[in-house]
Asks: 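Just dropping this structure here.
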Amino acid sequence: MSQKLTAKDFATSQEVRWCPGCGDYAILKSVTQALADVGARPESTAFVSGIGCAARFPYYIESYGFHTIHGRAPAIATGLKLANPELDVWVVTGDGDGLSIGSNHLMHALRRNVGLKILLFNNEIYGLTKGQYSPTSRVGTTSPSSPRGSVDTPVSPGHFALGAGAKFFARGIDIDKVGMSDVLQQAHAFHGTSLVEIFQNCIVYNEDVFGSFTERKNAANTQLHLKHGEPMLFGEGNDKGIRFNPGTWSLEVVDATESPDDVLVHDEGNAVVARMLIDLHMPVALGVIYRQPAVSYEDAFYSHHPSRMQRTKSITDFITGPSSWTVD
Amino acid sequence: MSQKLTAKDFATSQEVRWCPGCGDYAILKSVTQALADVGARPESTAFVSGIGCAARFPYYIESYGFHTIHGRAPAIATGLKLANPELDVWVVTGDGDGLSIGSNHLMHALRRNVGLKILLFNNEIYGLTKGQYSPTSRVGTTSPSSPRGSVDTPVSPGHFALGAGAKFFARGIDIDKVGMSDVLQQAHAFHGTSLVEIFQNCIVYNEDVFGSFTERKNAANTQLHLKHGEPMLFGEGNDKGIRFNPGTWSLEVVDATESPDDVLVHDEGNAVVARMLIDLHMPVALGVIYRQPAVSYEDAFYSHHPSRMQRTKSITDFITGPSSWTVD
Amino acid sequence: MNKNKDVDSIVVRIAGDSGDGIQLMGSQFAVSTALSGSDFATFPDYPAEIRAPVGTTFGVSAYQINLGGGPITTAGDAPDVLVAFNPAALKVSLPMLRKGALVIINNDSFTRRNLTKAGYLDDPRDDDRLVDFQVVAADISRLNLEAVKEFGLSKSEGGRCKNFWALGVLMWMFDRDLAPIEDWVRQRMAAHPTLRDANITALHAGHAYGETAELAAALPQIELPAAQLEPGEYRSITGAEALALGIAAAGELADRQVMFCSYPITPASPLLHRLTRLGELGVGTFQAEDEIAAICAAIGASYGGMIGVTSSSGPGIALKTEAMGLAVNAELPLVIVNWQRGGPSTGLPTKTEQSDLYQAVYGRNADTPIPVVSASTSGECFDMAIEAVRIALRHMTPVILLADGYLSNAAEPWRIPDMSSFAPIETNAVRTSDDDPQRTAFTRDADSYGRPWISPGQPELMHRIGGLEKDVASGHISYDPANHQEMTELRAAKVESVAGFLPPQQLECGPDKGSLVVVGWGSTYGPIYQAVRSTGTSFIHLRYLSPLPGNLGELLSGFDKILVPEMNAGQLCTLLRDKLGVHPISYSKVSGQPFLISELIGKIESLKDEPS
Amino acid sequence: MNKNKDVDSIVVRIAGDSGDGIQLMGSQFAVSTALSGSDFATFPDYPAEIRAPVGTTFGVSAYQINLGGGPITTAGDAPDVLVAFNPAALKVSLPMLRKGALVIINNDSFTRRNLTKAGYLDDPRDDDRLVDFQVVAADISRLNLEAVKEFGLSKSEGGRCKNFWALGVLMWMFDRDLAPIEDWVRQRMAAHPTLRDANITALHAGHAYGETAELAAALPQIELPAAQLEPGEYRSITGAEALALGIAAAGELADRQVMFCSYPITPASPLLHRLTRLGELGVGTFQAEDEIAAICAAIGASYGGMIGVTSSSGPGIALKTEAMGLAVNAELPLVIVNWQRGGPSTGLPTKTEQSDLYQAVYGRNADTPIPVVSASTSGECFDMAIEAVRIALRHMTPVILLADGYLSNAAEPWRIPDMSSFAPIETNAVRTSDDDPQRTAFTRDADSYGRPWISPGQPELMHRIGGLEKDVASGHISYDPANHQEMTELRAAKVESVAGFLPPQQLECGPDKGSLVVVGWGSTYGPIYQAVRSTGTSFIHLRYLSPLPGNLGELLSGFDKILVPEMNAGQLCTLLRDKLGVHPISYSKVSGQPFLISELIGKIESLKDEPS
Ligand SMILES: Cc1ncc(C[n+]2csc(CCOP(=O)(O)OP(=O)(O)O)c2C)c(N)n1
Ligand SMILES: Cc1ncc(C[n+]2csc(CCOP(=O)(O)OP(=O)(O)O)c2C)c(N)n1
Ligand code: SF4
Ligand code: SF4
Ligand SMILES: [Mg+2]
Ligand SMILES: [Mg+2]
């Protein structure tokens, strides 16, 4: 039973019900592969999701799965993790599920640092309900509920997360196998809430909204794959780098061959730079943007339950209360 | 009727029902004074609140007032502002009301930049329900629901706000008349969501939790009152200043007389420094920490309603639909 | 299919993959039907997935239409014609068909792979599973591709025209004019000229196929009698369209703007989509972050003087119940539209049900009565939206309007009403007798208990409202025991007072005394209407559910038995027992599907036979 | 106050400002009463504000206790003794007093300012408003300050000892031992020796005042008969305490841990506070960010194999209704405790009511039945918590347990049960007959319809659950119409099946046939019990509300009239009409205050006189 499992061992017999060409398929593949790679066990793994296209995910993973209600997965997963801290609990959510109806729970899970691996499938649209604009949709998005273009300023998942107190924030692209593999493994290893924003293509309602940086052929110039302790290089042959401009208080692209010393070295623990990386538009920062180890909520919770919530006394020890008397 | 009103004109006949010594009294005074100072009109002013001690506020202001339900004031105020963009709409909320049950609505009001002036009374406790720890309570807070000390990492209202996309964030201290007056007037003038965090002393359940920096006698050394375009100075005779340490990527205190050029000049539009200011522990940053003018939600909304939602056609123009036929 | 000239009405079902464009094909056929002068009713029936995997039974999308001389009030029990684009569509639809029905099959799709996906071990074309039907197996995919070859589209793009090809066949069968559909395609696909031309070409090709095919003998041309409709101007309308127009009309009748605040959810979203297009009628729409924010923003808008409206389906309505209590306590107008769907929980999001009646009438904490009304047909959504707004403004109360998933999507011909026949909607005037504005704000009308609607911005009337109990006269917060009793009674009396403003309940048909009456509400109107007409049974259909019409008890007392068919476990029965002390017989169907007329006839007849 | 040796029971009311320490004084008096061997019942009655402005009527905090030989089941209709710390307290309490009651007044507080704040134009001590009573006007503030002068406290600190001074007077009147209170003070104020000693000194000073005062004639010493309680070990308990212990006991009986997830709200918070202290019993508490998160975390914990419990009052329960549907659909155990309070909306947060019965029984979207039980007395909260968990685990369903604000705070003597008298709580075993774990997870018990409780972490049983409709046998998602019908019926049958496991409903007292029966539920038990005893009326009190006990219809059929007193607008009457087709007479009181015994006696007698 404890032999190494493969990605296939994490597939269920359920027919996958996404639109042909949906980015969710690639994510599913990366996740089953990552589960195999980290040596996860199906019986100790649970996937909890809300509602949305993304939220169908648990049906397709051979593990325990709970397809709950819209926006509430982080809260349900928190209860599950508290009940059984040994479990690997994954949460799958969408930009609507996680950042519209569910952002309260997402925020509180993040600030508490509950040991959950949260995958946020961001397609900048409500897929399941047929394409209304979402809280991550860009201003001007035309959709059935915004025929003249949306007027709501979108929220940035990264800024939201760090503002809420997230200790782990990473990004991946649905079809980028290598990047996703790394990010998922790091997320799995983190002790606390790891939030992974995945740029996911909704081919039906928001096709290619991330096309400017997800296209493989120009990836070298549009994607900045971060690695802790390594310089922030990108471009063909890593010819470009990122430096801090103290005048504008922002990051900018520099010719790495000309001024190699200006190039910042990625420090996952630096929240100030992490926020500037989130703002970076071209290239787009990917990989683990921020990681700051801290005590997880379940550990803090159980620190008040030294017996790990095993009963150490009996109700008969408590039932009498502070004082009692006898009637004969 | 349009003669200048005084603070007294904004007081109601209602008996104020807070505990004697509660910081809310001082805030009430500052607000009525600010209303008078900015030339507000009671009939064009509305106060909307949720539930909590803080949320009693509307009863004590001579204006329109709506004491709603727990956590929902930003959503109700959004509807009100959309229905009547000419109104001055103030929202009064607490750390529980605004950052626990209500943080989803607060976040979305902030990202949309709805024209609301939101006063967040942060006393780091649930006052009205008798003193349970709140999402801003520090780790280890003992309370009726955390007798062994709370284990939840608190959220920082400032980081939360900026993470949500706030365009205006300021801070004041309940008993600091001068600072409050400035902050309230700036908040009033901002076109969009202005969020003001007010450090408020709950004398019954969390007395002096902000004592380290709110005490008047040591205020010069513990409070940094920010002014746009002015150097960040504090201390007796402004002998100390704040500078950026590029090595640690954080702010630090410097002797302003020795190195005056190192002292940062406050730029309200700088989100990077704003976040570092939020993190500053001693002194504590007060006043307008961040302001970034942007189109307000109601303006964007009405840009799709050029007639300002006045009816320009009749239902009879629409009722026939794309095609009709006649039966005789 | 043994009908042609001598039929009154015909039921057509189109079924295929979610990606096959079935709903589009169906609704174009409905528009053409409308223009041809037939009465009709439609039932779009689609899966919960956006696009479930190709070829599976759970991915089948269907569109059913009943058309003819009428009155047609349902999409029909058993299809007379089926167009099946693939084996899964055939498998799902076969059990519903009338014996002898015409089945048009896309031959090309009956590959081994598709058969397996549909769960067919053997090809149903090869054995006796189709003997009861008249089968036309056409190579739709191939014929369509050939027709559009000239446009140089990719195979998949070209293949997507096949719904127009099949529509062409239907158009020929019903002898319809192609022009209106061509016009529609031209307008809709203006930006894509190649696609536009390809679709029009496919339409013509299908039409030509009907005309010239060797199968002409098998493919009958059908002529239907003209509908017996009241004279007037008609259009085709779905419930979502009618409700949107009704809300806008109510705004105009009340001379107030409307602010519609909602969060998308199936099957409520179409109302939001429709209303975004009515800005010129003084309607604003706000897509909130969740259902709680949606109702709260609507309450805020109502407080601000606009007509606040919100909409959702069961799970979203559940989230709104706390805020409904606030609107009750603050005495603010508000309309809450519930497009009911199958539950519990996420349940069957795309299937219809009327199981939120309990929630509407009883589903709040505390004694928190709210008037509840409902719509029976797609067209009636227009009238009931106006009624809901009228009640909300007169009594200063939230009002729940129950519709359902069936109504949201089902189209029917609708006689366009003359707007001057609607009375204006009045709001309560401010009585300035009292100079305490707090008191003024809570000086209620003697008949309706409605208070004046005073919004921020009005000079000299500043006052405070909220969710705490308030003094019945002064409106100030009050913890006084006797006052709470009085306010509780006042809130109940307010809702009861609605009945006094309603027309008395009428019988839809049948004698007003007898052994059996059928009582219905909501979208079951269609099938019940057909069943009672064909059995000569008395029929009462309720539009006002709380309070019930004042004369209902008396009306019911004329009958020995009361049969209540409902698409829930018997919720109206509870209400009738509770409010009227009667003992109804529940006929419950909770399958996510509307009642069949035949089911209802069977039930009615069995009751007629039974001694009472 | 004309009672002393010859009385059976006495009602004492202590009233003053929120800041006067009334609740503390009251509860210490109750503890002492318990130790003295009397039966008792208490009613803490406090304002919604933490500390409303000093001296106002709406800021009055009161504590009422009824003590004596018993059985005592209510805090008493009309106080015999009032301690009023200020004019506002006097004003609010006067209308409740029995004629001839003893009124102890804090003379020092009757300043012009305080009189005005209380809304007294003239000093009531000066006119005939007090003639019906025996008034003892003591300078409590001054006498107390003098007594504690030696400790050098500030005036305000010293003043805060006056509740102990007044408690001393009461202790003398009832001839009580001071030692237990002294012990309590010593323990509680260990960290503040000066305050500790000052309070003890004040207590003794008050006691001495009773003994030596010139007023000794007016201040009678009272001796009460010992309570007629069943032999056993007793303690004083509030509903919140009993419910907390009951939940922990249920965990032990089921051998599972308990995870209690809640968000603070009046009057539910005390349960949260109590449970935080029961960690050693395997109880964890999680303070969630809102009520939705609270129920969701409880569902998550249940899914994880712990007993998930959540609690709130009406507005918070409203927010939880969507998630309740999920628990129903996923067939997970869960207990939802509702401490009902005055509504609608924020309503009267600190006042009691039982108006969430509709919400509990009918308040969800779709056909979503959930068992509902309720507790009648503080002590019974223990038993019903165990019952709720037992049902939840047996049937794999959420269960709603209704309590109310009165029970949460009211203390009574409680016979400590022998835990071995409770049967262990069993969970459904996994039937491994089927090797598809999805199917295994939904293989239900034939009698209870409970499925096995399989949690993540168990090897070889991986399966998926959720809120979409699922196949009755395989547990996979299913949109099949017939399956939905079957699942709807199964969910109803599951809840109905609870009745089969319940003991038959008993009469509390009175003959089992006759002209009148009183039917109650919840915390009205106390006053109804007294009223039926004194009138010799038959009495049925319900603990199981949905489903109702199987024999209830038959029981009720033995009576001509059914009187249902409720602290709501008649919600149980609806339930009885709906489920049993009977025609109860509603006696509704919605004032935020419990029924008075006299009110009930009056109602019962008027019905007995009336011909039926
Ligand atoms: C309470 C509730 N409100 C609304 C819905 C309808 N709904 C289902 S999914 C969804 C949004 C989905 O968007 P997202 O989370 O971005 O997921 P995607 O489909 O894009 O993957 C909505 C609004 C629901 N199921 N429940
Ligand atoms: C739906 C709902 N949940 C819970 C409550 C109870 N409640 C009222 S105020 C409050 C918290 C108050 O804390 P905060 O917002 O910080 O205000 P403060 O009293 O400290 O000013 C809570 C939990 C409620 N009234 N409604
Ligand atoms: S609608 Fe979009 S997100 Fe949903 S399955 Fe289809 S392509 Fe994917
Ligand atoms: S409890 Fe605290 S916050 Fe509330 S009124 Fe009293 S002092 Fe102020
Ligand atoms: Mg999305
Ligand atoms: Mg607070």
Side-chain angles (χ1 to χ4, degrees), chain B residues 14-22 24-25 49-56 59-60 66-72 95-105 123 125-135 137 141-152 155 202-206, chain D residues 17-19 23 46-59 88 116-117 119 156 240 260-279 284-294 311-316 318-319 343-347 349-350:
Chain B
Q14 295 286 300
E15 198 134 9
V16 184
R17 300 190 184 187
W18 288 307
C19 304
C22 176
D24 290 353
Y25 286 94
S49 66
I51 300 286
C53 295
R56 284 284 180 144
Y59 292 111
Y60 311 136
F66 196 178
H67 179 226
T68 71
I69 45 178
H70 198 33
R72 317 302 173 189
D95 44 316
D97 191 60
L99 289 171
S100 195
I101 192 168
S103 78
N104 199 23
H105 312 305
N123 55 14
I125 212 80
Y126 294 159
L128 188 69
T129 48
K130 309 210 164 184
Q132 299 86 359
Y133 73 102
S134 90
S137 297
T141 299
T142 57
S143 80
S145 58
S146 57
R148 289 174 302 271
S150 60
V151 299
D152 309 45
V155 69
C202 169
I203 200 165
V204 172
Y205 295 114
N206 217 10
Chain D
D17 255 327
S18 309
Q23 301 303 325
Y46 50 86
E49 286 79 20
I50 296 303
R51 267 181 214 162
V54 181
T56 58
T57 50
F58 55 80
T116 313
K117 277 196 190 161
S156 88
F260 180 78
C261 308
S262 187
Y263 182 69
I265 189 168
T266 305
S269 310
L271 177 60
L272 167 63
H273 303 167
R274 293 279 159 190
L275 284 168
T276 56
R277 306 196 173 257
L278 302 184
T285 61
F286 171 62
Q287 181 176 305
E289 57 270 25
D290 62 18
E291 285 87 354
I292 299 175
S311 167
S312 191
S313 59
L319 291 167
S345 195
T346 311
T350 58

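Model, not experiment: these values are computed from the prediction. Labels below follow one simple rule: chain letters A, B, ... track the order of the sequence lines, proteins then strands, and each chain is numbered from 1.
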Asks: Relative to chain B, which segment of D:S262 carries a heavy atom at a distance below 4.5 Å: side chain, backbone, both, or neither?
Replies: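 For D:S262, there is no contact with chain B at all, as no heavy atom is under 4.5 Å.
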Asks: Which atom pair, heavy atoms only, marks the closest approach of B:S100 to D:A288?
Replies: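 Taking B:S100 first and D:A288 second, the nearest heavy atoms are OG-O, 4.4 Å.
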Asks: Would you confirm whether D:Q287, through its side chain, and B:Y133, through its main-chain N or O, come within 3.5 Å as a donor-acceptor pair?
Replies: yes
Asks: Among B:L99, B:I69, B:L128, who wins on heavy-atom pairs under 4.5 Å with chain D?
Replies: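 Heavy-atom pair counts peak at B:L128.
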Asks: In Å, rounded to the nearest 0.5 Å, how long is the span from CG of B:N104 to CG of D:D290?
Replies: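 Those atoms lie 9.0 Å apart.
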Asks: Please list, chain by chain and in numerical order, all residues satisfying side-chain hydrogen bond (donor to acceptor under 3.5 Å, both in side chains) with B:Q132, sequence neighbours excluded.
Replies: B:T129, D:H273
Asks: Please name all residues satisfying salt bridge (charged side-chain N to carboxylate O under 4.0 Å, His left out) with D:E291, sequence neighbours left out, ordered by chain then number.
Replies: none
Asks: Which residue out of D:L272, D:I292, D:T346, D:T266 racks up the most heavy-atom pairs below 4.5 Å with chain B?
Replies: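 Among D:L272, D:I292, D:T346, D:T266, the one with the most close pairs to chain B is D:T346.
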Asks: Looking at every heavy atom in both D:T276 and B:S145, which two are closest together, and how far apart are they?
Replies: CG2-O, 3.3 Å
Asks: Under 4.5 Å from any heavy atom of chain D, what part of B:T68 do you find: side chain, backbone, both or neither?
Replies: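 Contact with chain D is through the backbone of B:T68 alone.
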Asks: Report which part of D:L319 has an atom under 4.5 Å of a heavy atom belonging to chain B: side chain, backbone, both, or neither.
Replies: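 The answer is the side chain of D:L319.
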Asks: Which region of B:C53, side chain (C-beta onward) or backbone (N, CA, C, O), has a non-hydrogen atom less than 4.5 Å from a non-hydrogen atom of chain D, or is it both or neither?
Replies: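 The answer is the side chain of B:C53.
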